[in-house]
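Since the structure comes first, as structure tokens, the remarks are kept for the end.
Numbering of ligands and ligand atoms starts at 1, following listing order.
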Amino acid sequence: MSSSDSAETTAAKSGGPTTETVLEVRHWTDRLFSFRITRPASFRFRSGEFVMIGLVIAGKPLLRAYSIASPAWDEALDFYSIKVEGGPLTSHLLKIEPGDTVLLGRKPTGTLVLDALTPGKRLYLFSTGTGIAPFASLIRDPDTYERYEEVILTHTCRQTAELAYGEHLVATTREDPLVGEMTAGKLRHYTSVTQEAGPRMGRITSLMESGQLFADLGVPPLDPASDRAMICGSMAMIADTKALLEKAGLKEGSNAQPAEFVIERAFVG
Ligand code: A2P
């Protein structure tokens, strides 16, 4: 047995990452890209969870948390990433090409899961930037449509070009052979931009506070009796959105104690 064989065996025994192959890479803007990798047969997760993803850099594994952007039924795994200038991982990860390998952690986890919410009528998925990634998984999970009558995905970015991933995601979800029909009349996509002129402008928090979000969608204001929510974005976006949900009477839940909303920061590395 060679020394690399024994190192791999040790990593496997101790639950270290597996080595996966890159299948596809798509660059959406000069700051954003997505990639698809092989999924080990034993890899199980719940829609909305995250996992460690990484590369071997200068001989050492470097991993960061990434939300899984594909649904649990998919045969491969999708991820959506920002390119951080000088970022220890993303500055290398942005160069991956099909056929390259990446490291995949073995233990997906997270709070943005359907089981952390109590039953309700309407599910809001509030996202900014790459915070849309866990919702790319959830909006393609049949369970989401079995549990809610209406699923409202909001996505706010600085610029219109940064909305492209979400636009493509929603369009392909509506046409998906497995879940497309389930989304009909249920899945709604609400976008805005904050740093250039666009069809709709403003932070999601401003649109909520002014009531424009609810007026545009033709739905009543937030109500703990019917509305459930998940939030994913920067720390500041989460804090501000969470405060508005709490003001409306919604309480934060968890895997252990389901309630009306859950939060998770969009990871960057
Ligand atoms: P803004 O351009 O007004 O800061 P970022 O890339 O910085 O995470 O921002 C992504 C999007 O999230 C931007 O549209 C940004 O708006 C918005 N955003 C940033 N901070 C907040 C916040 N505290 N509440 C709501 N939206 C926010």
Side-chain angles (χ1 to χ4, degrees), residues 26-35 48 50 53 64-67 69 79-91 93-94 110-112 123-139 152-170 188-217 219 221-222 227-250 252 260-269:
R26 186 158 174 183
H27 293 268
W28 296 89
T29 70
D30 53 6
R31 277 180 5 111
L32 295 163
F33 69 112
S34 58
F35 56 98
F50 65 85
I53 284 281
R64 292 282 185 269
Y66 269 88
S67 290
F79 300 92
Y80 182 46
S81 180
I82 194 159
K83 305 173 187 176
V84 181
E85 190 114 353
L89 178 62
T90 63
S91 60
L93 200 57
L94 67 87
T111 51
L112 300 181
L123 176 64
Y124 284 93
L125 304 171
F126 294 110
S127 70
T128 53
T130 56
I132 194 173
F135 304 146
S137 179
L138 280 155
I139 65 162
I152 300 166
L153 169 64
T154 84
H155 192 207
T156 304
C157 294
R158 298 180 194 182
Q159 276 141 5
T160 305
E162 295 171 339
L163 297 173
Y165 173 86
E167 304 278 6
H168 180 261
L169 165 75
V170 171
R188 308 186 66 181
H189 186 207
Y190 187 89
T191 58
S192 67
V193 292
T194 51
Q195 292 189 20
E196 69 178 20
R200 187 182 296 114
M201 297 185 62
R203 288 183 170 191
I204 192 63
T205 41
S206 313
L207 295 161
M208 284 167 83
E209 271 184 302
S210 69
Q212 193 188 328
L213 170 70
F214 311 107
D216 287 346
L217 292 168
V219 298
L222 288 176
D227 296 331
R228 301 293 171 264
M230 296 189 182
I231 313 173
C232 190
S234 64
M235 296 294 261
M237 176 274 189
I238 291 172
D240 292 354
T241 310
K242 175 180 153 133
L244 292 176
L245 297 188
E246 286 177 338
K247 202 170 147 195
L250 280 74
E252 185 175 350
E260 284 107 35
F261 75 91
V262 280
I263 63 172
E264 200 151 81
R265 73 179 267 257
F267 307 97
V268 194

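Every atom of ligand 1 with a heavy atom of Thr156 under 4.0 Å away is listed here by number and element: 11 (C), 14 (O).
With hydrogens left out, the protein atom closest to atom 7 (O) of ligand 1 is Arg158 NH2, 3.0 Å, a heavy atom. Nearest protein heavy-atom contact of atom 8 (O) of ligand 1 is Ser234 CB, 4.0 Å. Regarding atom 25 (C) of ligand 1, its nearest protein heavy-atom neighbour is Thr205 OG1, 3.4 Å. Of the protein's non-hydrogen atoms, Thr128 CG2, 4.1 Å is the one closest to atom 17 (C) of ligand 1.
Side chain of Thr90 to main chain of Val84: a donor-acceptor pair is present (N/O by atom type, distance under 3.5 Å, no hydrogens or angles). Side-chain N or O atoms of Arg200 include one that pairs as donor or acceptor with a backbone N or O of Thr191 at under 3.5 Å. The backbone N or O of Gly129 lies less than 3.5 Å from a partner atom in the side chain of His155, making a donor-acceptor pair.
Counting heavy atoms under 4.0 Å from ligand 1, residue Cys157 touches it through the backbone alone.
Side-chain atoms of Tyr66 and Leu89, non-hydrogen and from C-beta on, do get closer than 4.5 Å to each other.
For atom 1 (P) of ligand 1, the choice among Thr194, Asp240, Thr241 with the nearest heavy atom turns out to be Thr194. Distances from atom 26 (N) of ligand 1 to the heavy atoms of Arg31, Glu162, Gln195, Arg203 put Arg203 nearest.
Note that CZ of Phe135 and OG of Ser67 are 8.5 Å apart. Values are rounded to the nearest 0.5 Å.
Put simply, the residue from Tyr80, Trp28, Phe79 that forms a ring-ring contact (aromatic ring centres under 6.0 Å, His included) with Phe35 is Phe79.
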Step by step, work out the side-chain hydrogen bond (donor to acceptor under 3.5 Å, both in side chains) result for Thr29 and Glu162.
CA-CA 7 Å; Thr29 70; Glu162 295 171 339; 5.3 Å; no
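In terms of N/O distances under 3.5 Å, ligand 1 is not approached by Gly129.
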